[in-house]
Participant: 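Dropping the structure in here first, questions after.
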Amino acid sequence: MIFDAVDVIRTKRDGGSLSPEQIDWAVDAYTQGTIAEEQMASLAMAILLRGMTRAEVARWTDAMIRSGERMDWSRLSRPTTDKHSTGGVGDKITLPLAPTVAACGAAVPQLSGRGLGHTGGTLDKLESIPGWRASLSNEEMLDVLAKAGAVVCAAGSGLAPADRKLYALRDVTGTVESIPLIASSIMSKKIAEGTGALVLDVKAGSGAFMKNADDARELARTMVGIGTDHGVRTVALLTAMDTPLGRAVGNAVEVTESVEVLAGGGPSDVVELTVALAREMLAAADLTGGKDPAEALRDGSAMDAWRLMITAQGGDPDAALPTPNESHDVLAPESGVLSRLDAYGVGVAAWRLGAGRARKEDPVSHAAGITLHAKPGDTVREGQPLLTLHADSADRFERALEALEGAYEVGGEPERLPLIIDRIA
Ligand code: URA
């Protein structure tokens, strides 16, 4: 069926619902280039302003999935389960999580992305490991999954091409912040990835897409609805992103911290979230009663799976990671309790140090980042280092320090969200 793009735009602009046929046509025609960029921009803005019903979001997601390939892991002997995080500062959880879940008997086929803006990307972090390759063919992915039980690699261009095109358009037309569009964008890629079960880590707080828990909850509910409507067992945890996760923000520093977690140590918040998400992933894949994720971190089996996963993608798990040329300490201005350490401020500072990119073509510095010496609730002494900034050159520090102005506070009551705010199933 062929529609007039202007009629479709008018329907949404005036608050109506798009029919399944209109949605299928709009997504397909845009992918093929029949609908002009300005028409899709207008439709995206109408969706942002008017919203979508659950049926519309499900159909829109479905049309984006059908724009490309849907991967198939039925040749594997283990059930597949994956996690998606909406992105945060210091969020390295995939690194310890994927091998932990593999060590407990599931297969984790994770297609991941690079960072843009103040939140880091999993692939950028893993690329600090010498030799590690993010781009794999489907056959190579299957091979790594069969060997290691987990694979984390870049999504190929055949996966949800409609989303790739639409996301680039939303980025330059002020239409990213629409819950139906964010939810369908994320879920189209995760469903096309072919996972049987999915756990969403939806972040709330200054360092997240969704600044408050109510918006994060609505996004989580929308995504859980889409997953369920597509036969993927989907659960969401709403988690705190008011302060960075763990004590390392950047690329190589986050790999080092993840390896500490896999060795049975590491910061308590990273361990707690890794174990909570791993248990949800196993339960969603009907793998309960086997090895517990906390045990896999203690007994070395998660570390064994990590080493297999890194080696299978060309990386050397024993190689030294890049180190920074320059470091700069930020000192506590007075003695007392660190009451606030703002995730957004720290994320922007790490980005300006070179850990992130401003445009998607830019390279990242693997050595750049921030080490946190205290977390909210810790007592600090005046003059003690609170943070250490790392960069390839000292001229990065000034702008990073500007981002940290007002981002931390000593004295007063610590303001913290609970690490796990809610669970939505
Ligand atoms: N991540 C995505 O993949 N899509 C969005 O729309 C937002 C974040």
Side-chain angles (χ1 to χ4, degrees), residues 27 30-31 40-41 43-49 51-52 56-58 60-65 67-68 70-71 82-89 91 93-94 109-124 134 152-195 198-205 207-211 215-227 230 232 234 236 238-239 241 343-344 347 351 356-357 359-360:
V27 172
Y30 178 59
T31 313
M40 188 49 108
L43 182 57
M45 184 59 83
I47 292 170
L48 180 135
L49 296 173
M52 273 181 159
E56 286 179 291
V57 181
W60 187 274
T61 309
D62 200 46
M64 295 218 290
I65 297 167
S67 72
R70 188 164 176 174
M71 303 185 79
D82 192 14
K83 178 227 44 159
H84 176 81
S85 160
T86 55
V89 178
D91 185 1
I93 298 292
T94 286
Q110 184 166 129
L111 294 173
S112 197
R114 292 175 200 285
L116 190 63
H118 73 279
T119 60
T122 298
L123 301 181
D124 295 325
V152 180
C153 64
S157 56
L159 205 89
D163 175 65
R164 194 172 288 254
K165 198 171 170 196
L166 182 57
Y167 191 61
L169 179 71
R170 287 166 56 212
D171 204 26
V172 294
T173 54
T175 50
V176 169
E177 299 90 344
S178 149
I179 287 180
L181 292 178
I182 296 173
S184 55
S185 164
I186 292 172
M187 293 304 289
S188 63
K189 288 173 286 200
K190 283 286 147 183
I191 296 166
E193 172 195 279
T195 187
L198 179 64
V199 177
L200 300 161
D201 180 1
V202 181
K203 305 266 180 217
F209 239 113
M210 297 291 148
K211 305 296 174 200
D215 288 344
R217 197 171 279 112
E218 192 188 334
L219 177 62
R221 285 206 184 102
T222 307
M223 291 197 289
V224 169
I226 295 173
H230 282 83
V232 177
T234 310
L238 227 67
T239 72
M241 190 31 67
Y344 182 70
W351 175 32
R357 51 172 72 76
R359 291 170 312 152
K360 58 180 187 307

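One-based numbering along the sequence shown. Just so you know, ligand 1 is whichever comes first in the structure, and atom 1 is the first atom listed for that ligand. Computed over heavy atoms, backbone and side chain alike; hydrogens, waters and symmetry mates excluded.
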Participant: With sequence neighbours left out, write down each residue that passes side-chain contact (heavy atoms from CB on, under 4.5 Å) with Leu49, or none if nothing qualifies.
Facilitator: Met45
Participant: Which value, rounded to the nearest 0.5 Å, describes the distance between Leu48 atom CG and Ile179 atom CD1?
Facilitator: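 So the CG of Leu48 and the CD1 of Ile179 are separated by 10.0 Å.
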Participant: Salt-bridge test for Arg221 and Glu218: reply yes if a basic N is under 4.0 Å from a carboxylate O, no otherwise.
Facilitator: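 Salt bridge: no.
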Participant: Sequence neighbours left out, what passes ring-ring contact (aromatic ring centres under 6.0 Å, His included) with Phe209? Give chain and number order.
Facilitator: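 Once residues adjacent in sequence are excluded, Phe209 has no partner under the ring-ring contact (aromatic ring centres under 6.0 Å, His included) criterion.
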Participant: Rounded to the nearest 0.5 Å, how far apart are CD1 of Ile182 and OG1 of Thr222?
Facilitator: 10.0 Å
Participant: List, pair by pair, the atoms of ligand 1 and of the protein that are both N or O and lie under 3.5 Å apart, giving the separation rounded to 0.1 Å.
Facilitator:
residue: ligand 1; atom: 3 (O); partner: Ser185; partner atom: OG; Å: 3.4
residue: ligand 1; atom: 3 (O); partner: Lys189; partner atom: NZ; Å: 2.5
residue: ligand 1; atom: 4 (N); partner: Ser185; partner atom: OG; Å: 2.6
residue: ligand 1; atom: 6 (O); partner: Arg170; partner atom: NH1; Å: 2.9
residue: ligand 1; atom: 6 (O); partner: Arg170; partner atom: NH2; Å: 2.9
residue: ligand 1; atom: 6 (O); partner: Ser185; partner atom: OG; Å: 3.4

Participant: Tell me every residue that passes side-chain contact (heavy atoms from CB on, under 4.5 Å) with Ser85, counting only those two or more places apart in sequence or in another chain.
Facilitator: Lys83, Asp91, Asp201, Lys203
